[in-house]
Chemist: 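The structure's right below; bear with me while I get my questions together.
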Amino acid sequence: MDYREYIAKKLNVENVTAADIAKSPNSEMGDFALPCFKLAKIFRRSPVQIAEGLKNGFKTDEVISEVSAVNGYLNFKVNKSGLAAEVLGRILLEGEMYGSSSIGKGKTVCIDYSSVNIAKPFHIGHLSTTVIGGALYKIFKFLGYNVVGINHLGDYGTQFGKLICAYKKWGVKEEVEKGGIHAINALYVRFNEEADEEMESAAREYFRLIESGDKEANELFEWFKTLTLNYVKNIYDKLNITFDSYAGERFYTDKMQPVIDELKEKKLLKESEGAQIVDLDGYGMPPCLILRSDGASLYATRDLAAAIYRKKTYDFYKCLYVVAYQQNLHFKQVFKVLELMGRDWAKDMVHVAYGMVSLEDGAMSTRKGKVVWLEDVISKCIEKAYAVIDEKNSALENKAEIAKVVGLGAVVFGALYNNKIKDIVFSYDKVLSFEGETSVYVQYTCARANSVLTKSGVKPFLPSGYEPNAQEAEVIKALSAFPQTVLDASEKYEPSLIARFAVDLAQRYNKFYLDCKILTAEGAQKDFRLALTKATLQTLKNALTLLGIGVPEKM
Ligand code: ARG
């Protein structure tokens, strides 16, 4: 039930809508409150008088059990036993579907995320796009949307000519086969360090050969691509990430000319120093480069072709690009050019920008082969998770399996917990803390709930008419907010809302757990507390699942 909506309707005061009614910051006073200061101007009476007047006219009922007027606020208390029965009943009934909806039915959302570069390191800088995109994918699915996950591979460019050249000169087939992406990357780095003019020109020739369909050059290119994809797919599996399309930049090779023709036809293309550009001066942006003076296409050219292709193929309702904020200008330009081309759906394209991830020692990304590979961060986190778990509970069975789930969860949660635009410093100790705002804390709470339920030995059911105490009511309130949180996360493209929700719910449950007996309680109270435990476990699981994080039974 939407309480704000209910209260606003019942108040029936002009100018007051559900949006004016706030969650009360102080749960002693009530669950919701209407500040009457805005109304004072309209009704020309003091807020205190208005609150008092509204209170006298408000009849409590089975939904709102108490109203009070304090210092210009009208406070409402929700009927706790009614709310508890409704929320718990719904969670126990809906189970893993609790929080889902069919709001997205018939609508398609494209999500361009992770988008790796072939033959280049998959490093810590790719963590955010991969896990934020992966979470958005699951969130939109959960809300009934048809979702298309797209890995817009960086598989186009002169670097592949360089790579072939380096391989031909220094490469050994078996070594590359064995070393995979690491070996390829080493060849590329060596080229950049050692290549002379002769090699540079050979590299340009190899790139031309790829472009013109030369068999050998393309076979080598495809081989590098396969090695890269095998490598990243292994990481995607660990992180519970899936894609529906791996159509990368190269896929648009033959789809750019129609775009260029259309730009020409619509008089949007201008020559500037030999290059072809779209002038965006009138929109406060530098020009969007479409063709270089040597006729080569650019990143933006391929993104224009990709956007048009996606609209035609998927008829998306929204097309999201989960890409670092460094590319803000790029996407602004691409969206603007589409708009100028008369594509009214340009308004449905969203750049979901996120901040940088760095490690505590300052290490970050690609500078001259000194790279922090994502795979190494994951392994290290799993290793450290093992140590943390072992210390806490060394008698635990399946420690290695559990450490995997906990370590992976910590990597994901560490990248998801903050508002996505913030730059974050990744700290192993912080993400693996049992006490902090971490996935470990949430998973541990699940294990705790699980253990309570196992020990009870009964299937929880909901007693009727039970009046929850303060700690229980706090848990109920959090539980009831889950569906709205999922919606908010989808509207703001912000999975961190779900991560924060999980921590908040876990904190409230733990307070309840420490303050109230469960297994030694009796009668309806025991039944209620077990039902509350079961509902909390279910909701935490649903939240973590949306983020791509697993839940061990024991910890
Ligand atoms: N491969 C690019 C990079 O690593 C990201 C591609 C993002 N998607 C897009 N359609 N431009 O910077």
Side-chain angles (χ1 to χ4, degrees), residues 109-134 136-137 147-160 163 181 184-185 188 221 224-225 228-229 231-233 235-236 241 243-253 255-256 259 288-290 297-314 316 318-338 343 345-346 348-358 364-367 371-374 415 420 493:
V109 175
C110 292
I111 311 182
D112 177 325
Y113 70 109
S114 198
S115 299
V116 290
N117 299 319
I118 297 302
K120 288 249 185 85
F122 193 52
H123 56 78
I124 177 99
H126 294 108
L127 175 60
S128 298
T129 174
T130 306
V131 302
I132 293 173
L136 289 174
Y137 187 98
V147 188
V148 185
I150 303 171
N151 202 321
H152 186 75
L153 300 177
D155 56 3
Y156 192 100
T158 48
Q159 74 266 27
F160 297 105
L163 194 56
I181 193 169
I184 303 175
N185 184 241
Y188 184 65
F221 170 75
F224 297 146
K225 183 166 159 178
T228 309
L229 287 183
Y231 174 84
V232 291
K233 280 180 181 166
I235 296 180
Y236 292 149
I241 301 283
F243 293 94
D244 304 285
S245 160
Y246 279 89
E249 295 188 41
R250 171 157 299 277
F251 178 75
Y252 298 100
T253 306
K255 298 173 183 63
M256 288 185 279
V259 179
C288 183
L289 224 55
I290 303 293
S297 66
L298 288 112
Y299 182 49
T301 326
R302 294 185 286 280
D303 256 328
L304 288 170
I308 291 169
Y309 175 83
R310 287 175 194 174
K311 183 66 192 177
K312 203 169 74 196
T313 309
Y314 305 114
F316 56 73
K318 293 264 184 238
C319 180
L320 315 183
Y321 296 83
V322 187
V323 184
Y325 64 62
Q326 279 85 348
Q327 296 193 25
N328 275 356
L329 176 63
H330 167 74
F331 286 107
K332 264 174 76 182
Q333 290 178 316
V334 168
F335 299 168
K336 182 50 91 181
V337 172
L338 287 167
R343 300 294 202 278
W345 45 264
D348 303 325
M349 325 259 298
V350 185
H351 175 203
V352 179
Y354 60 83
M356 302 273 285
V357 181
S358 56
M364 229 166 52
S365 52
T366 32
R367 232 161 285 136
V371 189
V372 181
W373 294 76
L374 184 51
K420 64 187 179 306
Y493 313 112

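Just so you know, residue 1 is the first one in the sequence shown, and it goes up from there. None of these values were measured; they are calculated from a predicted model. Whatever order the structure lists ligands and atoms in, that order sets their numbers, starting from 1.
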Chemist: Ligand 1 versus Phe122, non-hydrogen atoms closer than 4.0 Å: side chain, backbone, both, neither?
Modeler: neither

Chemist: List the atom of Ser115, the atom of Asn151, and the distance in Å for their closest heavy-atom pair.
Modeler: CA-OD1, 2.9 Å

Chemist: For Tyr299, counting its heavy atoms only, list the atoms of ligand 1 lying under 4.0 Å from any of them.
Modeler: 2 (C), 5 (C), 6 (C), 7 (C), 9 (C), 11 (N)

Chemist: Which heavy atom of Ala119 sits nearest a heavy atom of Phe160, and at what distance?
Modeler: CB-CE2, 4.3 Å

Chemist: May I ask you to decide if the ring planes of Phe335 and Tyr321 are parallel, tilted or perpendicular, using 30° and 60° as cut-offs?
Modeler: tilted

Chemist: Would Tyr493 and Lys420 satisfy side chain to side chain contact (heavy atoms under 4.5 Å, CB included), going step by step from the backbone distance to the final call?
Modeler: CA-CA 9 Å; Tyr493 313 112; Lys420 64 187 179 306; 4.3 Å; yes

Chemist: Consider every N or O of Ser115 and every N or O of ligand 1, then say whether any pair is closer than 3.5 Å.
Modeler: yes

Chemist: Would you name the heavy atoms of Lys120 and Ile181 that are closest together and state the gap between them?
Modeler: O-CD1, 3.2 Å

Chemist: Among all protein heavy atoms, pick the one closest to atom 1 (N) of ligand 1 and tell me residue, atom and distance.
Modeler: Asn117 OD1, 2.8 Å

Chemist: For ligand 1, which atoms sit closer than 4.0 Å to a heavy atom of Val323?
Modeler: 7 (C)

Chemist: Using distance alone, determine whether Glu249 and ligand 1 share an N or O pair under 3.5 Å.
Modeler: no

Chemist: With under 30° as parallel and over 60° as perpendicular, where do the rings of Tyr231 and Trp373 fit, or are they tilted in between?
Modeler: perpendicular

Chemist: Report yes if His126 has an N/O atom closer than 3.5 Å to an N/O atom of ligand 1; otherwise report no.
Modeler: no

Chemist: Any atoms of ligand 1 less than 4.0 Å from a non-hydrogen atom of Tyr321? List them with their elements.
Modeler: 10 (N)

Chemist: Please write down residue, atom name and distance for the protein heavy atom closest to atom 12 (O) of ligand 1.
Modeler: Gln327 NE2, 2.9 Å

Chemist: Is the NZ or CZ atom of Lys225 positioned over Tyr246's six-membered ring, under 6.0 angstrom from the centre and within 45° of the axis?
Modeler: no

